[in-house]
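This structure is in structure tokens; I'll ask about it shortly.
Residue numbers begin at 1 in each chain, while the letters A, B, ... track the order of the sequences. Only heavy atoms go into these numbers, but all of them, side chains included; no hydrogens, no water, no symmetry mates.
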2 protein chains.
Amino acid sequence: MISTRTKIIAAAVRCLRNNQSDTLEKIAEEAGVSRRTLHRYFENREDLIESCKNEMLVSCNKAMTTAYASDKDPIKKIRNMLFAAIEQGANYSFVKRIYERSNFSDLDRKKEFESDNVKSKWLKTINELQKAKRLNTELTTPWIFNLFGSIIETAIYAVESGDVAKNDNKNFAWISFKGAIGLKE
Amino acid sequence: MISTRTKIIAAAVRCLRNNQSDTLEKIAEEAGVSRRTLHRYFENREDLIESCKNEMLVSCNKAMTTAYASDKDPIKKIRNMLFAAIEQGANYSFVKRIYERSNFSDLDRKKEFESDNVKSKWLKTINELQKAKRLNTELTTPWIFNLFGSIIETAIYAVESGDVAKNDNKNFAWISFKGAIGLKE
DNA sequence: GAAATTTGTCTCAATAATGTGACATTTTCT
DNA sequence: AGAAAATGTCACATTATTGAGACAAATTTC
């Protein structure tokens with residue numbers, strides 16, 4: 001049975017990633033709960049957003065850490081991390097948006113993300129491949145990192161908007177990412 | 001000399017693409033103008049956003065139409081359209097976000113974008129390349145279209161966040177886009 | 001099925017954002 | 001310089017959103 005708290009957080013994530021200014025009323029409605037109940041679980045909007053951020057970071061990190069550990073081959077590690085992130089859907093989008101915005105204003109949050117060990121695992125693997133000349137040497141790591149994130153978002157969005165069939169989704173993303181960084185399998 | 005109206009619209013575009021819920025106060029400040037003046041030019045928030053949307057659509061379409069016409073070679077057409085969009089910076093991001101959100105809620109706006117002749121020119125060119133088997137046949141056109149947009153955003157964002165040098169920007173985007181769709185030059 | 005817990009409804013106060021009028025000040029144009 | 005236009009300042013009404021109390025209704029737990 002899903003707890004009310006979880007329902008509210010999930011609803012908030014779905015709402016807020018599209019429209020940061022959605023009212024608590026709307027979030028409560030999306031969660032199938034009265035606004036009064038939402039207020040019982042979260043002191044205010046900031047508290048709610050903070051909770052979403054924390055839960056979603058945990059959720060995404062967990063999924064990607066598992067994916068990282070699922071295979072020995074560095075290429076498969078990266079591929080499975082990509083797939084895991086896509087499967088996170090709205091959760092991933094939410095985290096990404098929070099992180100993006102923080103980049104220009106909230107340095108603490110950026111640091112928090114930078115020091116995140118999922119990112120360092122990802123970087124380690126990419127560097128490994130770079131050193132082995134298995135990907136395009138013209139591109140820098142920060143570019144590849146940004147690209148990775150945006151291809152994930154594209155895949156999530158493409159399914160939601162109905163542009164791409166759910167089956168093709170991850171496949172397209174992987175083909176494109178491989179090509180984009182010139183990965184030699 | 002830049003007109004007040006233009007200053008306000010530019011400021012609104014910069015603010016709103018990051019944070020849809022920025023106050024008119026903040027937008028006025030960003031434009032270096034009092035809130036009272038902003039209200040003299042725009043009846044209300046909706047009017048302002050509508051104006052931004054229209055102006056930015058015109059700006060982006062113009063830049064990309066020029067780029068399209070700048071060369072006969074289909075590949076160079078696409079490349080120059082990519083570059084033009086990246087150069088639009090905040091303007092392009094703003095339009096893209098408006099369009100994205102509309103996808104789920106505002107069908108009129110979607111139609112408006114769909115019927116846009118810049119998009120049809122782009123599609124025509126991509127189809128041409130697809131028929132000539134000059135790009136990966138596994139991918140669908142809608143996927144490629146989404147990818148095109150998100151690589152542009154990645155390039156814009158990468159420079160703003162300081163992750164990628166301004167010189168490398170367009171180059172990286174083009175290398176990655178080519179690779180992502182398996183384009184054979 | 002009774003008690004305890006959770007949630008909903010209704011209400012109201014506090015706050016923040018918005019929109020506008022009146023008038024002063026500044027800028028622009030000639 | 002002086003008129004005309006644009007902008008700023010301040011004040012105020014309106015509105016939307018938020019947050020919480022009081023109690024009823026529903027749900028869970030034992």
Side-chain angles (χ1 to χ4, degrees), chain A residues 1-56 90 93-94 97-98 100-102 104-106 108-109, chain B residues 1-56 58-59 90 93-94 97-98 100-102 104-106 108-109:
Chain A
M1 193 198 62
I2 304 160
S3 79
T4 303
R5 191 170 185 281
T6 306
K7 273 197 296 186
I8 295 171
I9 288 187
V13 166
R14 283 195 302 274
C15 289
L16 296 177
R17 73 160 175 148
N18 285 328
N19 190 348
Q20 214 197 335
S21 55
D22 266 2
T23 63
L24 299 183
E25 185 79 51
K26 204 192 157 191
I27 293 169
E29 201 182 339
E30 169 86 16
V33 137
S34 76
R35 187 165 64 85
R36 190 66 188 81
T37 297
L38 188 151
H39 278 296
R40 284 199 185 94
Y41 283 88
F42 304 96
E43 286 212 347
N44 50 42
R45 166 177 278 264
E46 203 193 324
D47 181 21
L48 173 61
I49 292 179
E50 203 59 22
S51 303
C52 289
K53 196 201 76 182
N54 293 334
E55 305 249 335
M56 294 308 109
S93 297
F94 181 86
R97 298 249 162 137
I98 288 280
E100 264 177 22
R101 266 193 289 273
S102 74
F104 304 113
S105 55
D106 180 348
D108 283 349
R109 203 163 279 163
Chain B
M1 193 198 60
I2 305 162
S3 80
T4 303
R5 191 170 183 282
T6 306
K7 272 196 296 186
I8 295 172
I9 287 188
V13 166
R14 283 196 301 275
C15 289
L16 297 177
R17 71 159 178 151
N18 285 328
N19 190 349
Q20 214 195 335
S21 55
D22 266 1
T23 63
L24 299 183
E25 184 78 51
K26 204 193 157 189
I27 294 170
E29 202 181 337
E30 169 86 17
V33 137
S34 75
R35 187 164 65 85
R36 191 66 188 82
T37 297
L38 187 151
H39 278 296
R40 284 199 184 94
Y41 283 88
F42 304 96
E43 285 211 347
N44 49 41
R45 166 178 277 265
E46 204 193 324
D47 181 21
L48 172 60
I49 292 179
E50 204 59 22
S51 303
C52 289
K53 196 201 77 181
N54 294 333
E55 306 249 336
M56 293 308 109
V58 168
S59 170
S93 298
F94 181 85
R97 299 247 161 138
I98 289 279
E100 264 177 20
R101 266 193 289 273
S102 74
F104 305 112
S105 56
D106 180 350
D108 283 350
R109 201 162 281 163

Using whole Å, what does the distance between atom P of nucleotide C:dT15 and atom CD of A:Glu43 come to? 16 Å

Protein-nucleotide distance (A:Lys7, atom NZ; D:dT27, atom P), rounded to Å: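 Taking NZ of A:Lys7 and P of D:dT27, I get 11 Å after rounding.
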
Quick check on D:dT7: is either OP1 or OP2 less than 4.0 Å from any side-chain nitrogen or oxygen of B:Tyr41? yes

From CD of A:Glu29 over to C1' of C:dG8, roughly how many Å is that when rounded to an integer?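 Taking atom C1' of C:dG8 as the reference, CD of A:Glu29 is at 15 Å.
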
What is the distance, rounded to the nearest whole Å, between atom CD of B:Gln20 and atom C1' of C:dA17?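 So the CD-C1' distance, B:Gln20 to C:dA17, works out to 16 Å.
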
Measure from CZ on A:Arg5 to C1' on C:dT6 and round the result to the nearest Å. 16 Å

Provide a list of protein-nucleic acid N or O atom pairs under 3.5 angstrom, restricted to nucleotides 25-30 of chain C.
none

From OG (B:Ser59) to CZ (B:Phe94), nearest 0.5 Å: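 Rounded to the nearest 0.5 Å, the OG-CZ separation comes to 12.0 Å.
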
Looking at side-chain heavy atoms only, is the closest gap between A:Phe42 and A:Arg5 below 4.5 Å? yes

Gap between atom CG of B:Asp47 and atom SG of B:Cys52 - 0.5 Å precision: 9.5 Å

Short N/O separations, protein against nucleotides 15-18 of chain D, under 3.5 angstrom:
{"from": "D:dT18", "atom 1": "OP1", "to": "A:Arg45", "atom 2": "NE", "distance (Å)": "3.4"}
{"from": "D:dT18", "atom 1": "OP1", "to": "A:Arg45", "atom 2": "NH2", "distance (Å)": "3.3"}
{"from": "D:dT18", "atom 1": "OP2", "to": "A:Leu24", "atom 2": "N", "distance (Å)": "3.0"}

OP1 or OP2 of C:dG8 less than 4.0 angstrom from a side-chain nitrogen or oxygen of A:Ser34, does that happen here?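 Answer yes for this pair, as a side-chain N or O of A:Ser34 is under 4.0 Å from OP1 or OP2.
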
Should A:Leu16 and A:Arg97 count as side-chain neighbours, where that means a heavy-atom distance under 4.5 Å? no

Just how far is it from atom CG of B:Leu24 to atom SG of B:Cys15, taken to the nearest 0.5 Å?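 Answer rounded to 0.5 Å: 10.0 Å.
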
Expressed as a whole number of angstroms, how long is the span from B:Glu46:CD to C:dT18:C1'?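 It works out to 14 Å between those atoms.
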
Side chains of B:Glu55 and B:Val58, heavy atoms from C-beta outward: is any pair under 4.5 Å? no

A side-chain contact here means heavy atoms from C-beta on lying under 4.5 Å apart; do A:Ile9 and A:Met56 qualify? yes

Are there more than 12 heavy atoms of other residues, nucleotides or ligands under 6.0 Å from atom NZ of A:Lys26? no

Between the protein and nucleotides 21-24 of chain D, are there any N/O to N/O pairs under 3.5 Å, and if so, what are the atom names and distances?
{"from": "D:dG21", "atom 1": "N7", "to": "A:Arg36", "atom 2": "NE", "distance (Å)": "3.4"}
{"from": "D:dG21", "atom 1": "N7", "to": "A:Arg36", "atom 2": "NH2", "distance (Å)": "3.2"}
{"from": "D:dG21", "atom 1": "O6", "to": "A:Arg36", "atom 2": "NE", "distance (Å)": "3.1"}

Between B:Val13, B:Val33, B:Leu48, which is the residue that forms a side chain to side chain contact (heavy atoms under 4.5 Å, CB included) with B:Ile27? B:Leu48

Distance in Å, A:Asp22 CG paired with A:Arg45 CZ, rounded so as to fall on 0.5 Å steps: 7.5 Å

Kindly check if the number of other-residue, nucleotide or ligand heavy atoms within 6.0 Å of CD (A:Glu30) is above 12? yes

Please classify the nucleic acid contact of B:Phe42 as base, sugar-phosphate, or nothing, using heavy-atom distances under 4.0 Å.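 Here B:Phe42 touches no strand at all.
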
